[in-house]
Amino acid sequence: MAFVTRFAPSPTGPLHLGHAYAALLAHDLARAQGGAFLLRIEDIDATRCRPLWEAQILEDLHWLGLSWDGEVMRQSTRQAAYDAALDQLWAQGVIYPCTCTRRDIEAALSAPQEGVIGPDGPVYPGTCRCSPAGARPHSAALRLNMAALARQTVFTETGAGLAGQIVTHAQDYIATIGDVVLARRDMGTSYHLSVVLDDAAQGITHVLRGADLFDATRIHALLQQVLGLPTPIYHHHRLIRDEAGKRLAKRDDARALSTYRSQGASPADIRRMVGL
Ligand code: GLU
């Protein structure tokens with residue numbers, strides 16, 4: 001079976017040990033399987049992404065000894081594909097424009113029992129939900145209508161402690177995930193839409209990434225089903241934490257690869273530090 005995986009960093013800060021773990025794991029597995037290891041720069045958020053960070057990501061990966069196959073994909077070049085998918089979803093009647101601010105949503109959720117937290121934060125109370133009519137608006141936030149979809153999905157997970165056939169029922173989508181945003185007003189897309197379309201466009205068969213994205217994968221499996229795209233096999237790996245047990249964040253410069261490197265660490269040291 002073909003094995004194609006990827007590393008998909010967002011250039012919003014320096015790579016840290018958690019990123020190194022994800023990249024090394026995906027790379028090593030691809031090489032062991034005689035498969036391909038691809039690189040994708042997830043730079044849809046122009047307000048947070050910087051060419052400086054992208055350059056440093058490439059440099060860090062080279063330093064770690066990682067090589068990738070083919071061209072680097074950049075999400076900032078893929079808006080036409082995102083628009084085509086949004087047009088398709090609009091024509092299917094399963095997305096709708098939303099003008100709610102974060103504050104509107106909080107106000108609508110003031111009753112405590114309504115405050116279910118999904119993978120993207122509080123489950124949207126449905127204020128703007130409607131059947132779309134006319135042409136799809138651009139520069140509007142667009143949400144997926146979970147009740148209109150009423151689908152069940154399944155994906156294969158191979159990560160330690162999570163492995164199995166992961167089923168999400170239509171009711172789970174409605175009650176615990178809610179109408180997620182597929183296009184942000186300021187971006188014309190979202191992480192969920194872009195990652196699904198790009199994994200399909202790059203022919204990714206196996207997605208390796210941090211366990212923090214496990215629940216978001218339920219959204220991805222649904223989008224794949226609705227858009228007629230294949231669902232890869234998912235492997236969500238343990239998160240690398242600091243001494244206090246806290247997840248590493250991009251702003252955690254102390255654990256940036258470049259910091260370890262400037263202190264004399266070798267790529268082999270980094271492998272040891274992440275338990276590889
Ligand atoms: N771009 C995401 C990040 O840097 C990773 C997304 C993914 O692997 O699906 O956290």
Side-chain angles (χ1 to χ4, degrees), residues 4-30 36-58 60-61 64 66 68 72-78 81-82 119-121 155-159 162 166 180-182 184 187 189-224 229-241 246-253 255-257 274:
V4 182
T5 191
R6 45 61 162 193
F7 178 53
S10 304
T12 56
L15 291 189
H16 58 56
L17 285 183
H19 297 108
Y21 181 55
L24 289 164
L25 206 59
H27 170 271
D28 292 359
L29 209 56
F37 172 68
L38 309 185
L39 181 62
R40 182 168 72 233
I41 299 292
E42 301 213 320
D43 57 353
I44 49 175
D45 188 346
T47 61
R48 295 174 61 227
C49 296
R50 299 276 176 277
L52 163 88
W53 294 125
E54 183 180 328
Q56 190 171 326
I57 287 170
L58 300 185
D60 283 343
L61 293 175
L64 278 175
L66 302 188
W68 49 90
V72 177
M73 178 181 272
R74 279 187 186 71
Q75 289 192 324
S76 53
T77 67
R78 300 260 306 142
Y82 307 152
D120 274 0
F155 67 89
T156 303
E157 168 67 42
T158 59
L162 297 168
I166 310 300
V180 293
V181 170
L182 282 199
R184 279 173 47 174
M187 277 188 199
T189 185
S190 60
Y191 160 65
H192 300 305
L193 183 69
S194 294
V195 83
V196 159
L197 292 171
D198 295 345
D199 280 339
Q202 289 189 296
I204 304 298
T205 60
H206 292 73
V207 172
L208 287 96
R209 61 186 178 195
D212 52 326
L213 290 169
F214 177 75
D215 277 324
T217 306
R218 299 177 190 277
I219 302 168
H220 303 169
L222 181 64
L223 286 174
Q224 286 149 358
L229 302 172
T231 297
I233 292 172
Y234 287 90
H235 181 102
H236 290 91
H237 60 70
R238 68 185 160 84
L239 299 178
I240 304 288
R241 298 177 184 278
K246 203 167 74 44
R247 228 187 103 197
L248 299 185
K250 277 261 167 61
R251 55 193 173 280
D252 230 341
D253 282 9
R255 288 167 187 82
L257 286 186
V274 298

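The basis for the numbers below is simple: all heavy atoms, side chains too, and nothing from hydrogens, waters or symmetry mates. Both ligands and their constituent atoms are indexed starting at 1 by order of listing.
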Going by the salt bridge (charged side-chain N to carboxylate O under 4.0 Å, His left out) test, which pairs reach into residues 6-28, not counting sequence neighbours?
Arg6-Asp199, Asp28-Arg271
Which residues pass the ring pair (Phe, Tyr, Trp, His ring centres under 6.0 Å) test with Phe7, sequence neighbours left out?
none
Does Phe7 have a non-hydrogen atom less than 4.0 Å from ligand 1?
no
Would you check if the side chain of Thr77 reaches a backbone N or O of Arg74 as a donor-acceptor pair within less than 3.5 Å?
yes
Thr205 side-chain N/O to Val4 backbone N/O, donor-acceptor pair under 3.5 Å:
yes
Residue part near ligand 1, for Arg6, under 4.0 Å between non-hydrogen atoms:
side chain
Check step by step if side-chain hydrogen bond (donor to acceptor under 3.5 Å, both in side chains) holds for His192 and His220.
CA-CA 6 Å; His192 300 305; His220 303 169; 3.0 Å; yes
Would you say Glu42 has any N or O atom under 3.5 Å from an N or O of ligand 1, going by distance alone?
yes
Check this for me - ligand 1, Leu208, N or O atoms closer than 3.5 angstrom, yes or no?
no
Of all the atoms in ligand 1, which lie at a distance below 4.0 Å from a heavy atom belonging to Val195?
9 (O)
